[in-house]
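Have a look at the structure below, then the notes.
Atoms within each ligand, like the ligands themselves, are counted from 1 in listed order. These numbers were taken from a predicted model, which means no experiment stands behind them. When reading the values below, keep in mind they use all heavy atoms of this one structure, side chains included, and skip hydrogens, waters and symmetry mates. Starting from 1, each residue takes its place in the sequence as its number.
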Amino acid sequence: MDEKVVIKTKHGELTLQQLAEAQPGIARQMKEIGERFHVLYYAAKAGNWKLAQHELNVVISIFRVGGALRPKFNQDFTTFTQSHLNPISEKIRAKDWKGFEDAYSKGIEEANKLHEKHGYGFIRYVLPKNPPEHFDLAAHE
Ligand code: HEM
């Protein structure tokens, strides 16, 4: 497996290894997860359950792909999805705001514990006080 597979692009040649290394790592993925976690809270609050579900689905899929790219986080991503993200999804499907709020805050608590576990105790996610301004959060059915 030592031989290099070279891909031709319009900008020049790249090896598969260079392409693999150029994939976003956990820091870049977390940035997107943080944003989507913000949007999904306020979407649910406004009753736009479809938007909330969409944002959560994307978060779950980032964790799945992220785990393949960074095996050392794979187990925690999978467990976190099962124990904290799937319950949020259930509350969204049930359009249960109170249940959603509870599951959501447990998710933040656990995420911050995991940051600490991996040596990033200085990174604590906090739900922004204001809704995102770049979405119309109203449910347009
Ligand atoms: C929905 C839940 C989560 C949210 C909202 C969240 C949010 C964040 C945010 C905002 C950052 C800082 C990104 C930056 O600006 O550099 C971060 C970093 C990080 N998160 Fe999470 N996180 C979540 C779940 C998790 C889970 C389950 C793990 C499991 C291991 C994890 C591990 C990490 C690590 C290791 C970093 C540091 C990455 C680096 O800079 O190299 N997070 N997270």
Intermediate values then yes/no, ring-ring contact (aromatic ring centres under 6.0 Å, His included), Trp97 and Tyr42: CA-CA 11 Å; Trp97 169 247; Tyr42 286 102; 8.7 Å; no
For the side chain of His115 and the backbone of Gly121, is there at least one donor-acceptor N/O pair under 3.5 Å apart? no
How about Gln75 and Thr79: does a side-chain donor come under 3.5 Å of a side-chain acceptor? yes
Which protein heavy atom lies closest to atom 29 (C) of ligand 1, and at what distance to 0.1 Å? Phe77 CE2, 3.5 Å
With no hydrogens and no angle check, do the side chains of His140 and Asn48 hold a donor and an acceptor under 3.5 Å apart? no
Would you mind listing which atoms of ligand 1 come within a distance below 4.0 Å of any non-hydrogen atom of His118? 30 (C)
Within this structure, what is the OG-CZ distance for the pair Ser89 and Arg93, rounded to the nearest 0.5 Å? 4.5 Å
Atom 16 (O) of ligand 1: which protein heavy atom is closest, and how many Å away? Ala27 O, 4.3 Å
With sequence neighbours excluded, what pairs up with Phe37 under the ring pair (Phe, Tyr, Trp, His ring centres under 6.0 Å) test? Tyr104
Does the side chain of Gln53 come under 3.5 Å of the side chain of Asn57 through a donor N or O and an acceptor N or O? yes
Tell me which protein heavy atom sits closest to atom 14 (C) of ligand 1, plus the residue, atom name and distance to 0.1 Å. Lys31 CD, 4.1 Å
On the 0 to 90° scale, with breaks at 30° and 60°, tag the Phe100-Tyr41 ring pair as parallel, tilted or perpendicular. tilted
Tell me how many protein N, O or S atoms are within a distance shorter than 2.8 Å of atom 21 (Fe) of ligand 1. 2
State the atoms of ligand 1, each with its element, that fall below the 4.0 Å cut-off from a heavy-atom position in Phe73. 30 (C), 35 (C)
